Amino acid sequence: MDSKQSSELVFTVWRQKPELIAPEKPTPRETKFLSDIDDQEGMRFQIPVIQFYSKNSPMGGKDPVNVIKKAIAETLVFYYPFAGRLREGTGRKLMVDCTGEGNMFVDADADVTLEEFGDELHPPFPCLDELLFYVPHSAGVLNCTLLLIQVNYFSFLPNVWLFILG
């Protein structure tokens, strides 16, 4: 299937209610200023990342969604600034307010197979807007979760899921 056909693909995605995944344990409450490189005006936007993973046999039938959610909560203990929110200070200087609130997580199912997207699974990915869920008040940079993670299961391919970071 060529990219023109895959861009005309019609399918439905059913999503669970978005939820915040907070660090598993309490984290320091502090403010960390971004470096001048990270604080450039032209870098104040989100970048969607799309990744495909196949089921790993050693998982022994474990639900990938639960494994990923647990891993996020454990990881945020050590990388706790990612559980905070970007704030803007004097002179528009960006800082991370380490609040420990967590990151947005969405679990979804799509009634389409990976093969139906065609052979070329690289940017620009067809149907990204249909797959990626817009969580209200999450598209900005300031005062929003730093990561929006969505896991999509594809039809007829229980061994493949999509992992989207926004």
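All values below come from the heavy atoms of this structure, side chains included, with hydrogens, waters and symmetry mates left out. These numbers come from a predicted model, not from an experiment.
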Open item on the list: Starting from L142, can I reach M95 by hopping between I/L/V/M/F/W/Y residues whose side chains sit under 4.5 Å apart?
Closed with: no
Task: With D97 via side chain to side chain donor-acceptor pair (under 3.5 Å) - residues at least two apart - done: R29, R87
- [ ] Identify the heavy atoms of L146 and N103 that sit nearest to each other, and give their distance.
- [x] N-OD1, 3.6 Å
Task: T12: partners by side-chain contact (heavy atoms from CB on, under 4.5 Å), with sequence neighbours left out - done: W14, D111
Open item on the list: Testing the basics here: between V13 and A110, what is the closest heavy-atom pair and its distance to 0.1 Å?
Closed with: CG2-CB, 4.0 Å
Task: Residue list, salt bridge (charged side-chain N to carboxylate O under 4.0 Å, His left out) with E30, at least two apart or on another chain - done: K32
If you look only at distance, which donor and acceptor atoms sit under 3.5 Å apart when one is on a side chain in residues 15-25 and the other is two or more places apart or in another chain?
from	atom 1	to	atom 2	distance (Å)
R15	NH2	E130	O	2.7
R15	NH2	L131	O	3.3
E19	OE2	K69	NZ	2.9

- [ ] Name all pairs fulfilling the salt bridge (Lys or Arg N to Asp or Glu O under 4.0 Å) condition that reach into residues 71-85, sequence neighbours left out, sorted by first residue then second.
- [x] K70-E74, R85-E101
Open item on the list: Taking D38's backbone N and O only, do any of them form a donor-acceptor pair with S35's side chain (distance below 3.5 Å, no angle check)?
Closed with: yes
TODO: Determine whether more than 12 heavy atoms belonging to other residues, nucleotides or ligands lie under 6.0 Å from atom CD1 of I37.
DONE: no
TODO: Evaluate side chain to side chain contact (heavy atoms under 4.5 Å, CB included) for I149 paired with V106, printing each intermediate quantity in order.
DONE: CA-CA 6 Å; I149 301 163; V106 179; over 6 Å; no
Task: V112 to F11 - nearest heavy-atom pair and separation - done: CB-CB, 3.7 Å
Task: hydrophobic_cluster_shared for L34 and V141, side chain cutoff 4.5 Å - done: yes
Open item on the list: If hydrophobic clusters are built from ILVMFWY residues whose side chains come within less than 4.5 Å, do F82 and F105 share one?
Closed with: yes
Open item on the list: Assigning hydrophobic clusters by single linkage (Ile, Leu, Val, Met, Phe, Trp, Tyr; side-chain heavy-atom cutoff under 4.5 Å), is I72 placed with V151?
Closed with: yes
Task: From L94 atom CG to Q40 atom CD, the distance as rounded to the nearest 0.5 Å - done: 11.0 Å
Task: Partner set under side-chain contact (heavy atoms from CB on, under 4.5 Å) for D36, not counting sequence neighbours - done: K93
Open item on the list: As an exercise, state the distance from CG of N143 to OG1 of T99, rounded to the nearest 0.5 Å.
Closed with: 10.0 Å
Open item on the list: For a quick test of reading the model, state the closest non-hydrogen atom pair linking R92 to D39 and the distance between them.
Closed with: O-OD1, 3.9 Å
- [ ] Check whether Y80 and F78 end up in the same hydrophobic cluster, where Ile, Leu, Val, Met, Phe, Trp and Tyr are linked by side-chain heavy atoms less than 4.5 Å apart.
- [x] no
